[in-house]
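Just so it is clear, the structure is predicted and the values come from calculations on it, not from any experiment.
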Amino acid sequence: MTAPRAFHALNPATGEALPTPVPVTSPEALAAAVNAAARAARPFARLPGARRAAFLTAAADQITALTDELVARAMEETALTEPRLRGEAARTAQQLRLFADLAREGSWVDARLDRPDPRRTPPKPDVRSLRVPLGPVAVFGASNFPLAFSVAGGDTAAALAAGCPVIVKAHPAHPATSAVAARALQAAAAATAMPEGTFTVVYDDGHDVGLALVRHPHIRAVGFTGSRAGGQALLAAAQARPVPIPVFAEMSSVNPLILSERAVQAGGAPLVAGLTASITGSGGQLCTQPGLLFVPDGAAGDALLLDLARALQAAPACTLLSGGIHEAYAGGTAALAAHPEVKTLQHAAGEGRGVHAALYAAPLAALTSAPDLAQEVFGPVSLAIRYGSLAALTGALQALEGQLTATLHARPEELPAWQPVLEVLSSKAGRVILNGFPTGVEVGHAMVHGGPFPATSDGASTSVGTRAAERFTRLFAYQDHPDALLPPELQNANPLKLWRLVDGQRTQEPLTPEVTA
């Protein structure tokens, strides 16, 4: 048997191959990994939440212990700065601990108990339901977050907390970083005696391994963060299977940010600084970067854009994450600059692989006649759409595609008049921000990082925050089962002390046999 083909990650600053080759996962190794995950699925799902919590906590501890090595490898492979990567490593550990807390407490399974009534005609049965794990999940590492949305990232943490084994397809732009993170999770799995096959990483510099993973009959769901084209390819593969599976793909968003005239007049330097940071942070390579600004016509809007262009020009150039992203950015900004109704306010050119932020402007009518102007260009670029009336603005917003976020800057006294705009934004986005900026996604219990297509493939879910675990479950009900055969979450005594919905009322109280008879 021949050795598996190997590939080199590229230094994004120079385009040169980094020294350590990474072997591509062979078909035999992929099949072995998926089969092991399938064997682990039932024993891992049966583990109490406290055991899964111990695994996730140990993984967080390992990530923290390996932070120096993770940051060093990620700086080589992504050109992201050390402060940014150290913050991302801390976020990765925090996510793992947050999902550990979720698994330990356990009420997220949404246990519901409808008690029987034998006196009713027809008799009412005893029905009890909860969320149960789907089975092995394929997770695709993201290019722009080599830690927090990658091997040990949010999708992995959510699936493991839900009781699903995980196979991660490492992103080819940072395989060495992925290998260090994989070592952390594998050490945690061994230290906490998780079933063999609970967590695995596979590698490829192309698409073959990822597509084979999605098509494997043992895979039950997919988590993906990346391009629209990549997400749609995985969706097509998942739907073409004899038994289709869900794909939870975060794909494309321009995150419209709307400014009222009064907000512009009152904003001054803090508004310009906030916009600059949101457009250029992490080289603009954030899924919530505001790529589309709506700025009022007139002198105040003119002055804001002039100041913003100067601030973007003064911002340091950045190295984009990969040659492919650099090529797409160059093509996207060139297309904007060449559009007959688009005016260039700040050019994107830089030296070598470095790029400066770009800013363009166009009238609202141009967006109406050329909707492709609202397509995402991944990187530090924004298109300012100049609008006149609130009615015209509302109509243009209604024509936008689905978004992860939408933002409105308006003065408090204006908000009643802006309610129609807020209603449109709420129908288009998973999160609406008022007088803030969309970048900087808080990881918590209430966060929604999702949105209507094409922001995500499933607008009913989130990929950030503890609700993300729900994606990797299905609802299951027991009818007229003896108490001893029920899982602890549904037993009368409520041994886990969960919050449960009993006959429509939220309670932690146990049920006595007399009550349930």
Please report the interatomic distance CD(Q508) to CG(N494), rounded to the nearest 0.5 Å. 7.0 Å
Min side-chain heavy-atom separation R228-P454 under 4.5 Å: yes
Rounded to the nearest 0.5 Å, what's the gap from CG on L130 to CG on L501? Could you check? 13.0 Å
Closest non-hydrogen contact found for G153 with Q95 is C-NE2, 3.8 Å
Going by atom types alone, do N255 and T288 pair a side-chain donor with an acceptor below 3.5 Å? no
Looking at D114 and R112, is there a salt bridge between them, counting it only when a charged N and a carboxylate O are closer than 4.0 Å? no
Indicate yes or no: at least one non-hydrogen side-chain atom of P133 is less than 4.5 angstrom from one of C164. yes
So, does T462 use its side chain to make a donor-acceptor pair with the main chain of A468 at under 3.5 Å? no
Please enumerate all residues that pass side-chain hydrogen bond (donor to acceptor under 3.5 Å, both in side chains) together with T177, with sequence neighbours excluded. E77
Separation between OG1 of T92 and CG of L66, rounded to the nearest 0.5 Å: 12.0 Å
Is atom NE2 of H481 surrounded by more than 12 heavy atoms (other residues, nucleotides or ligands) closer than 6.0 Å? yes
Which residues pass the side-chain hydrogen bond (donor to acceptor under 3.5 Å, both in side chains) test with R500, sequence neighbours left out? none
Tightest non-hydrogen contact, residues P23 and Y203, listed as O-CB, 3.6 Å
Considering only NZ, NE, NH1 and NH2 on the basic side and carboxylate oxygens on the acidic side, decide whether R471 and D155 come within less than 4.0 Å. yes
So do the side chains of L511 and L113 get within less than 4.5 Å of each other, counting heavy atoms only? yes
Between L320 and C318, is the side chain to side chain contact (heavy atoms under 4.5 Å, CB included) condition met? List the steps. CA-CA 6 Å; L320 298 180; C318 69; 4.0 Å; yes
Counting only heavy atoms not in K497 (residues, nucleotides, ligands), do more than 12 fall under 6.0 Å from its NZ? no
For the backbone of G15 and the side chain of N11, can you confirm whether one donor and one acceptor N or O come within less than 3.5 Å of each other? no
Within the distance-only criterion (no hydrogens, no angle test), does the side chain of E105 pair as donor or acceptor with the backbone N or O of S107 below 3.5 angstrom? yes
Does CZ belonging to R467 count more than 12 external heavy atoms closer than 6.0 Å? no
Take R91 and E88, measure what salt bridge (Lys or Arg N to Asp or Glu O under 4.0 Å) needs, and give me the verdict at the end. CA-CA 5 Å; R91 170 178 168 161; E88 190 180 335; over 6 Å; no
Between CG on residue L321 and CG on residue N144, distance to nearest 0.5 Å: 6.5 Å
Check whether any side-chain heavy atom of V151 sits under 4.5 Å from a side-chain heavy atom of T156, and report yes or no. no
Roughly how far apart are F378 CZ and S252 OG, rounded to 0.5 Å? 10.5 Å
Is the side chain of H8 donor-acceptor paired with the backbone N or O of L18 at a distance under 3.5 Å, no angle test? yes
Are D68 and R86 ion-paired here, with the side-chain N under 4.0 Å from a carboxylate O? yes
Output yes when a side-chain donor or acceptor of Q403 lies under 3.5 Å from a complementary backbone atom of E401, and no otherwise. yes
Name the orientation class of the two ring planes belonging to F476 and Y478 (parallel below 30°, tilted from 30 to 60°, perpendicular beyond 60°). perpendicular
With no hydrogens and no angle check, is any side-chain donor or acceptor of S382 less than 3.5 Å from a backbone partner on P290? yes
Is a side-chain donor or acceptor of T280 paired with a backbone partner of G283 at a separation under 3.5 angstrom? no
Just checking, is any N or O donor in the side chain of S278 or T439 under 3.5 Å from an acceptor N or O on the other one? yes
For V432 and T405: C-alpha separation, side-chain torsions, deciding distance, then whether side chain to side chain contact (heavy atoms under 4.5 Å, CB included) applies. CA-CA 6 Å; V432 175; T405 74; over 6 Å; no
Quick one: do the N492 and R128 side chains pair a donor with an acceptor below 3.5 Å? yes
All heavy atoms of A237 vs all of L211, minimum pair found to be CB-CD2, 4.0 Å
If you look at every heavy atom in I325 and Q285, which pair is closest and at what distance? CG2-OE1, 3.8 Å
Rounded at 0.5 Å granularity, tell me how far OG1 in T200 sits from NZ in K169. 15.0 Å
I want to check something: taking the side chain as every heavy atom from C-beta on, are T198 and V166 in contact at a cut-off of under 4.5 Å? no
Strictly distance-based, threshold 3.5 Å: is any side-chain N or O of R52 a donor or acceptor partner for the main-chain N or O of L47? yes
Could you walk me through whether R183 and E69 pass the salt bridge (Lys or Arg N to Asp or Glu O under 4.0 Å) check? CA-CA 11 Å; R183 198 166 78 235; E69 187 177 357; 2.6 Å; yes
side-chain hydrogen bond (donor to acceptor under 3.5 Å, both in side chains) for T456 and E250? Distances and angles first, verdict last. CA-CA 4 Å; T456 65; E250 179 198 311; over 6 Å; no
Considering residues, nucleotides and ligands other than R42, do more than 12 of their heavy atoms fall under 6.0 Å from its CZ? no
If we ignore angles and hydrogens, is there a donor and acceptor under 3.5 Å between the side chains of D61 and T64? no
Taking it one step at a time, do F248 and F472 satisfy ring-ring contact (aromatic ring centres under 6.0 Å, His included)? CA-CA 9 Å; F248 301 101; F472 304 118; 5.7 Å; yes
Answer yes or no: is there a side-chain heavy-atom contact under 4.5 Å between L96 and T57? no
Donor + acceptor pair across side chains of T507, Q505 (<3.5 Å): no
Which atom names give the shortest non-hydrogen contact between P488 and P495, and what distance separates them? O-CD, 3.5 Å
Check: R84/S282 side-chain N/O donor and acceptor closer than 3.5 Å: yes
Between K428 (side chain) and L400 (backbone), is there a donor-acceptor pair under 3.5 Å? yes
Smallest heavy-atom separation, Q479 atom then P125 atom, equals NE2-CB, 3.5 Å
Can you find a pair of side-chain heavy atoms, one from L475 and one from S129, that are under 4.5 Å apart? no
Verify the distance criterion only: is there a donor paired with an acceptor across the side chains of R131 and T473 at less than 3.5 Å? yes
Going by side chain to side chain contact (heavy atoms under 4.5 Å, CB included), F140 matches just one of V214, T225, V168. Which one? V214
Would you say that H174 contacts R73 through its side chain, given a criterion of any heavy-atom pair below 4.5 Å between the two side chains? no
Donor-acceptor contact below 3.5 Å, side chain R51 vs main chain A193: yes
Return the set of residues passing side-chain hydrogen bond (donor to acceptor under 3.5 Å, both in side chains) with H445 (not counting sequence neighbours), or none when no residue passes. T466
Are there over 12 heavy-atom neighbours, none belonging to Q186, within less than 6.0 Å of that residue's CD? yes
